[in-house]
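The structure appears right after this line, and notes come after that.
Just so you know, ligand 1 is whichever comes first in the structure, and atom 1 is the first atom listed for that ligand. Since the structure is predicted, the reported quantities are computational estimates derived from the model, not experimental observations.
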Amino acid sequence: MTRLQDRVALVTGASSGIGNAIATTFGREGAKVVLADVRKEPKLEDERSVFDKLDELDATYTYVETDVTTPESVEKAVEAAVSEFGGLDILVNNAGIYYQYAVGETPLEEWDQIMDVNLRGLFLCCKAALPELERSEHAKIINLSSIYGLVGGKGSGAYCASKGAVSNLTRQMALDYAADEINVNALAPGIIKTAQNAEWRETDPELLADWQAATPWPRFGEPEDVANAALFLASDESDFVTGTVLSVDGGWTAR
Ligand code: NAP
């Protein structure tokens, strides 16, 4: 028995990293998946295409080129869920970007870009999806926050601000939509081996050592570690769980 049989899921940023793993896991569990991303190809050389993985699983999916910062683009992705699969049950707000700057050194355009994608984009996706989620009997919103949405992180001002807002918006939305039985939860990954941090993992031994020291578990996370937690939050097993920010961080925030 698959855990998301015939549910319709929209995953933003689904072509790469964590989104790729979530879309694949949901497809494996019987969901019909809308892949919403600005790109089609994964970002890391050794990463497999989400299309190939879903084809191999014989899963049902569609790709919609989507920029989460543009209302019309987001609405098109939601419309595809409705026209191709008959509605929407699960929204995964995964698209996100990361830069490394202390506040004093942050270029204004990069501050705006992080806020635009990580926060405004998430808001736009929720706004576009809510009318459909209200019609669903299995409605779930899963937001990708971060450990840096729970605690401060050196040199990550804009990112921490955006993810802190995502964590608290998750709690806030859980209150507004509990009566409609829409679960709203977030995941707070630690260091997960994706393109988002590959450059620093590969070129900055000092930062790498800091990240290793802050992760009690003896390895960094894999995208599948986050996808497995997303599966729980998307499934009926989490029906009484709402407003939580679930850490998937190897113990980073347990200190
Ligand atoms: P990733 O490998 O860089 O994947 C992110 C995907 O989102 C990429 O395909 C990216 O495409 C796409 N994207 C970026 N801007 C977009 C936009 N405006 N509209 C639609 N798609 C867009 O990153 P990841 O590590 O999987 O991160 C996924 C989520 O987890 C993010 O929200 C991230 O902040 C969060 N997270 C990651 C980690 C980690 O350690 N990796 C830790 C905590 C939280 P382009 O690159 O071509 O723009």
Exercise for the section: Indicate, with yes or no, if V33 and V82 share a hydrophobic cluster defined by side-chain heavy-atom contacts under 4.5 Å among Ile, Leu, Val, Met, Phe, Trp and Tyr. Expected result: no
Practice task
Using a strict 4.0 Å cut-off to heavy atoms of P189, name the atoms of ligand 1 that fall inside it.
Solution key: 42 (C), 43 (C), 44 (C)
Practice task
Quick one: pull up CZ in R135 and CG in D180 and give me the separation to the nearest 0.5 Å.
Solution key: 12.0 Å
Handout entry: Sub-4.0 Å heavy-atom contact, T12 with ligand 1
Key = no
Exercise for the section: Looking only at distances, please establish whether an N/O atom of ligand 1 is found under 3.5 Å from an N/O atom of N118. Expected result: no
Fill in the blank from the handout: Taking every heavy atom of A186 against every heavy atom of L233, the minimum-distance pair comes out as O-CD1, 4.1 Å
Problem - Protein residue, atom and distance nearest to atom 38 (C) of ligand 1, heavy-atom basis - result: Q196 NE2, 3.6 Å
Problem - Within-cut-off N or O pair, S15 and ligand 1, under 3.5 Å - result: no
Practice task
List every atom of ligand 1 that sits less than 4.0 Å from any heavy atom of T66, numbering the atoms from 1 in the order shown and giving each element.
Solution key: 19 (N), 20 (C)
Handout entry: For atom 5 (C) of ligand 1, the protein heavy atom that lies nearest, with its residue and separation
Key = G96 O, 4.0 Å
Handout entry: I18-ligand 1 polar pair, N/O distance under 3.5 Å
Key = yes
Practice task
Consider every N or O of I192 and every N or O of ligand 1, then say whether any pair is closer than 3.5 Å.
Solution key: yes
Problem - Side chain, backbone, both or neither: the part of A14 lying under 4.0 Å from ligand 1 by heavy atom - result: neither
Fill in the blank from the handout: If you scan protein heavy atoms around atom 15 (N) of ligand 1, the nearest is V117 CG1, 3.8 Å
Exercise for the section: Would you mind listing which atoms of ligand 1 come within a distance below 4.0 Å of any non-hydrogen atom of A95? Expected result: 7 (O), 20 (C), 21 (N), 22 (C), 32 (O)
Practice task
Provide, to 0.1 Å, the distance between atom 9 (O) of ligand 1 and the closest protein heavy atom, together with that atom's residue and name.
Solution key: D37 OD2, 2.8 Å
Exercise for the section: Just let me know how D67 lines up against ligand 1, side chain, backbone, both or neither, with a heavy-atom cut-off below 4.0 Å. Expected result: both
Completion exercise
min-distance protein heavy atom vs atom 1 (P) of ligand 1 -> S16 OG, 3.9 Å
Problem - Atom of L91, atom of A129 and distance for their closest heavy-atom approach - result: CD2-CB, 3.9 Å
Practice task
Check each of T24, L4, L57 against E29 using the side-chain contact (heavy atoms from CB on, under 4.5 Å) test, and report the only one that passes.
Solution key: L4
Handout entry: Any K193 heavy atom less than 4.0 Å to ligand 1
Key = no
Exercise for the section: Report yes or no: does a heavy atom of G190 sit under 4.0 Å from some atom of ligand 1? Expected result: yes
Exercise for the section: Considering heavy atoms of the protein only, find what lies nearest to atom 24 (P) of ligand 1 and give residue, atom and distance to 0.1 Å. Expected result: T194 OG1, 3.6 Å
Exercise for the section: Around atom 13 (N) of ligand 1, find the nearest protein heavy atom and jot down its residue, atom name and distance. Expected result: V38 CG2, 3.9 Å
Fill in the blank from the handout: A student checking ligand 1 against G17 at a 4.0 Å heavy-atom cut-off should list atoms 2 (O), 26 (O)
Practice task
Return yes when atom CG of D58 has more than 12 non-hydrogen atoms of other residues, nucleotides or ligands closer than 6.0 Å, and no otherwise.
Solution key: no
Completion exercise
Closest to atom 7 (O) of ligand 1 by heavy-atom distance, out of A36, G13, P42, is G13
Practice task
Spell out, yes or no, whether I90 and V241 are grouped together once hydrophobic residues are joined by side-chain heavy atoms under 4.5 Å, including indirect joins.
Solution key: yes
Handout entry: Contact (N/O only, under 3.5 Å) between N197 and ligand 1
Key = yes
Problem - Shortest reach to atom 19 (N) of ligand 1 by a heavy atom, considering only L144, V68, N20 - result: V68
Practice task
Kindly indicate whether the side chain of I141, heavy atoms from C-beta on, has any atom under 4.5 Å from the side chain of L130.
Solution key: yes
Problem - K43 vs T194, side chain to side chain donor-acceptor pair (under 3.5 Å): CA-CA, chis, key distance, verdict - result: CA-CA 8 Å; K43 297 184 76 172; T194 71; over 6 Å; no
Problem - side chain to side chain donor-acceptor pair (under 3.5 Å) between S73 and D67, intermediate numbers included - result: CA-CA 6 Å; S73 182; D67 179 348; over 6 Å; no
Practice task
State if Y159 counts as touching ligand 1 under the rule of any non-hydrogen atom under 4.0 Å.
Solution key: yes
Exercise for the section: Do me a favour and list the nearest non-hydrogen protein atom to atom 46 (O) of ligand 1 with residue, atom name and distance? Expected result: K43 NZ, 2.5 Å
Problem - ligand 1 to N94 polar contact by distance, N or O atoms, under 3.5 Å - result: yes
Exercise for the section: State which residue, out of E224, K53, R48, fulfils the side-chain hydrogen bond (donor to acceptor under 3.5 Å, both in side chains) condition with N20. Expected result: K53
Practice task
Verify the neighbour count for atom CD of E65: are there more than 12 heavy atoms of other residues, nucleotides or ligands below 6.0 Å?
Solution key: no
Fill in the blank from the handout: Between the SG atom in C125 and the CG atom in L10, the distance rounded to the nearest 0.5 Å is 7.0 Å
Exercise for the section: Can you sort out which atoms of ligand 1 are near I191, meaning under 4.0 Å from one of its heavy atoms? Expected result: 40 (O)
Practice task
Could you state whether I142 and V184 fall into the same hydrophobic cluster, counting links through intermediate Ile, Leu, Val, Met, Phe, Trp or Tyr residues with side-chain heavy atoms under 4.5 angstrom apart?
Solution key: no
Practice task
May I ask you to decide if the ring planes of Y148 and Y159 are parallel, tilted or perpendicular, using 30° and 60° as cut-offs?
Solution key: perpendicular
Practice task
Please check if atom CD in E222 has more than 12 non-hydrogen atoms from other residues, nucleotides or ligands closer than 6.0 Å.
Solution key: yes
